[in-house]
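Structure incoming, see below.
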Amino acid sequence: MTLSYAAHTAIILDFETTGLSPNMGDRAIEIGAVKIEQGQVVDHFQGLMNPGFRVSSFIESYTGITNNMLATAPNCETVMTEFADFIQGYNLIAHNASFDQRFLDAELDRINRRYSGSFCCSMLVARRLYPHATNHKLGTLVHQLALENDGTFHRALADAKMTASLWCHMLDTIEDQYQLSSVPFSVMQKISKTTKASVPSYLQKLKA
DNA sequence: TGCCAGGCCCTCTTTAGGGCCTT
């Protein structure tokens with residue numbers, strides 16, 4: 001499958017995990033993702049997964065995912081095999097993508113699977129588009145931009161849905177502000193890695 | 001032994017330090 005050129009077609013994903021670092025033994029406990037095509041949500045994926053050990057009370061409290069819920073969940077390998085199929089052929093987006101990419105890479109390494117898309121970070125783009133936001137946490141941006149949400153935070157599918165809303169809002173912002181008809185995924189990646197000061201001039205050049 | 005993330009980004013910077021963001 002050929003990767004889409006446009007930023008409006010991608011998969012937005014979010015992991016809940018046992019901690020911050022797969023290199024320190026942390027594992028995924030939930031994956032949530034939404035697939036957008038031409039800016040419309042066309043599919044989603046959600047799965048709890050049993051990491052093989054008890055999660056801390058902090059994680060239970062932070063995510064609302066309890067050890068009882070995980071006791072009956074399939075293992076990480078089973079869920080991640082299905083997820084590897086789901087993401088094939090799509091570019092990938094996450095809020096603070098370096099975190100989710102580390103866990104995706106670590107979990108897929110365990111089942112010897114790879115993905116064909118490339119990542120873009122919604123947080124890095126938001127920092128450049130909305131430099132005056134109070135902060136660039138997902139919840140803060142959702143609130144300040146008045147994006148649709150159901151009040152659920154720190155669950156994988158809910159966070160993926162909110163990140164998708166943020167992503168589409170940022171595309172609208174760019175297209176309106178610079179009168180662009182369609183923003184390539186590669187342009188969003190470029191924005192995420194560009195200094196704040198040079199973003200306007202970069203987009204002006206695209207407009208020209 | 002004791003400690004333990006990691007990448008981005010700003011600034012009192014680049015021979016560094018600390019805050020932000022993710023769980």
Side-chain angles (χ1 to χ4, degrees), chain A residues 10-34 45-70 73 75-76 79-80 83 87 92-110 118-145 147 149 152-167 169-170 187-200 202:
Chain A
I11 285 174
I12 299 91
L13 63 91
D14 183 73
F15 277 103
E16 304 305 318
T17 71
T18 64
L20 293 172
S21 174
N23 288 337
M24 300 291 290
D26 289 316
R27 299 293 304 272
I29 57 172
E30 187 180 41
I31 179 66
V34 295
F45 187 103
Q46 187 275 332
L48 285 172
M49 54 192 123
N50 188 331
F53 55 88
R54 291 181 64 81
V55 303
S56 68
S57 57
F58 170 79
I59 292 298
E60 284 189 315
S61 173
Y62 187 79
T63 65
I65 299 169
T66 65
N67 282 294
N68 281 343
M69 292 163 67
L70 294 174
N75 62 27
C76 296
V79 175
M80 291 308 299
F83 190 63
I87 63 177
L92 305 170
I93 297 155
H95 201 69
N96 198 16
S98 67
F99 173 85
D100 293 279
Q101 185 171 9
R102 277 200 303 278
F103 277 95
L104 181 64
D105 290 350
E107 294 294 345
L108 292 187
D109 271 350
R110 289 172 173 269
S118 58
F119 262 94
C120 188
C121 176
S122 59
M123 185 192 73
L124 293 180
V125 175
R127 278 182 178 169
R128 287 155 178 78
L129 286 189
Y130 311 121
H132 302 300
T134 305
N135 59 55
H136 298 87
K137 294 177 183 177
L138 179 60
T140 302
L141 291 167
V142 164
H143 176 70
Q144 294 193 346
L145 296 170
L147 302 178
N149 72 89
T152 304
F153 294 88
H154 306 307
R155 285 299 300 268
L157 183 57
D159 283 4
K161 286 179 177 176
M162 288 187 288
T163 303
S165 295
L166 171 63
W167 182 258
H169 186 85
M170 293 193 296
V187 165
M188 297 298 275
Q189 290 178 306
K190 174 91 174 178
I191 291 170
S192 77
K193 295 172 183 172
T194 299
T195 62
K196 285 176 187 170
S198 63
V199 166
Y202 171 66

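Lettering follows sequence order; numbering is per chain, from 1.
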**Message:** Base, sugar-phosphate or nothing for A:Asn135? Non-hydrogen atoms, less than 4.0 Å.
**Reply:**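 The residue A:Asn135 makes sugar-phosphate contact but no base contact.
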
**Message:** I want to confirm an ordering. Mapping A:Asp159 and A:Ser98 to their closest nucleotides on DNA chain B, which one lands closer to the 5' end?
**Reply:** A:Ser98

**Request:** Identify the residue among A:Val125, A:Leu147, A:Ile93, A:Ile12 that makes a side chain to side chain contact (heavy atoms under 4.5 Å, CB included) with A:Leu166.
**Result:** A:Leu147

**Request:** Could you please name the option among B:dG6, B:dT22, B:dT23 that lies closest to any side-chain atom of A:Lys137?
**Result:**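 The nucleotide sitting nearest to the side chain is B:dT22.
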
**Asked** Taking CD from A:Glu107 and C1' from B:dT23, how many angstroms apart are they, rounded to a whole number?
**Response** 13 Å

**Request:** Would you kindly give the CZ-to-C1' distance between A:Arg27 and B:dA5, to the nearest whole Å?
**Result:** 17 Å

**Message:** Taking only the P atom of each, what is the distance from B:dT13 to B:dG19 in whole angstrom?
**Reply:**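 Approximately 16 Å lies between the P atom of B:dT13 and that of B:dG19.
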
**Asked** Are A:His154 and B:dT23 close enough that a side-chain N or O sits under 4.0 Å from OP1 or OP2?
**Response** yes

**Message:** Checking contacts here: which listed nucleotide (B:dC20, B:dG6, B:dT22) is nearest the side-chain heavy atoms of A:Arg127?
**Reply:** B:dC20

**Protein-nucleotide distance (A:Asp105, atom CG; B:dG7, atom P), rounded to Å** =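 These atoms are roughly 12 Å apart.
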
**Message:** Please give the distance between the C1' atoms of B:dG7 and B:dT23 as a whole number of Å.
**Reply:** 16 Å

**Item:** Rounded distance (nearest 0.5 Å) linking atom CD1 of A:Ile65 with atom CD of A:Glu30
**Value:**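 So the CD1 of A:Ile65 and the CD of A:Glu30 are separated by 4.0 Å.
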
**Item:** Minimum heavy-atom distance between A:Ala156 and A:Gly32, given as atom pair plus value
**Value:**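 Closest approach of A:Ala156 to A:Gly32, heavy atoms only: CB-N, 3.2 Å.
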
**Item:** P-based separation of B:dT14 from B:dG18 [nearest Å]
**Value:** 13 Å

**Request:** Mind checking A:Thr195 for me? I need base, sugar-phosphate or nothing, with any heavy atom below 4.0 Å counting as a touch.
**Result:**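 Nothing: the residue A:Thr195, judged by heavy atoms under 4.0 Å, touches no strand.
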
**Prompt:** For B:dC20, does OP1 or OP2 lie under 4.0 Å from any side-chain N or O of A:His136?
**Reply:** no

**Request:** Indicate, with a heavy-atom threshold strictly under 4.0 Å, whether A:Ser122 touches base, sugar-phosphate, or nothing.
**Result:**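 Nothing: the residue A:Ser122, judged by heavy atoms under 4.0 Å, touches no strand.
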
**Message:** Base, sugar-phosphate or nothing for A:Asp14? Non-hydrogen atoms, less than 4.0 Å.
**Reply:** sugar-phosphate

**Request:** Check the distance between B:dC10's C1' and A:His132's NE2 and give it to me in whole angstrom.
**Result:**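 Result: 15 Å.
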
**Prompt:** For the pair made of CG in A:Leu70 and P in B:dT23, what is the distance, rounded to whole Å?
**Reply:**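 Going from CG in A:Leu70 over to P in B:dT23 covers 16 Å.
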
**Prompt:** Just how far is it from atom NE2 of A:His95 to atom CG of A:Leu141, taken to the nearest 0.5 Å?
**Reply:**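 If we round to the nearest 0.5 Å, A:His95:NE2 and A:Leu141:CG are 5.5 Å apart.
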
**Request:** With the side chain of A:Met24 defined as its heavy atoms from C-beta on, choose the nearest nucleotide among B:dT23, B:dC8, B:dC4.
**Result:** B:dC4

**Message:** Starting the side chain at C-beta, find the nucleotide from B:dT22, B:dA5, B:dT23 nearest to A:Tyr62.
**Reply:**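 Selected nucleotide: B:dT23.
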
**Request:** Check the distance between B:dG6's C1' and A:Met123's CE and give it to me in whole angstrom.
**Result:** 11 Å

**Message:** Nearest 0.5 Å, please: how far is CD in A:Gln101 from CG in A:Asn96?
**Reply:**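 So the CG of A:Asn96 and the CD of A:Gln101 are separated by 11.0 Å.
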
**Request:** Could you work out the separation of B:dC12 and B:dG17 based on their C1' atoms and round it to a whole Å?
**Result:** 10 Å

**Item:** Candidates B:dG6, B:dC4, B:dT23 - which lies nearest the side chain of A:Asn23
**Value:**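 In terms of side-chain proximity for A:Asn23, the closest of B:dG6, B:dC4, B:dT23 is B:dG6.
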
**Message:** What contact category does A:Phe103 fall into here, base, sugar-phosphate, or nothing, at under 4.0 angstrom with non-hydrogen atoms?
**Reply:**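 Counting heavy atoms under 4.0 Å across all strands, no contact is made by A:Phe103.
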
**Complete:** When rounded to whole Å, the CG to C1' distance for the pair A:Leu20 and B:dA5 reads 7 Å

**Request:** Drop me the distance from A:Ile87's CD1 to A:Met80's CE, to the nearest 0.5 angstrom.
**Result:**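 Between A:Ile87 CD1 and A:Met80 CE, I get 6.5 Å after rounding to 0.5 Å.
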
**Prompt:** DNA chain B: A:Leu124 or A:Asn96, which has the more 5' nearest nucleotide?
**Reply:** A:Leu124

**Item:** Short side-chain to backbone donor-acceptor contact, A:Asn75 and A:Asn50, under 3.5 Å
**Value:** no

**Message:** What is the separation between atom CD on A:Glu16 and atom C1' on B:dC21, rounded to the nearest whole Å?
**Reply:** 14 Å

**Request:** For B:dC4 versus B:dT11, give the span between their P atoms, rounded off to a whole number of Å.
**Result:** 28 Å

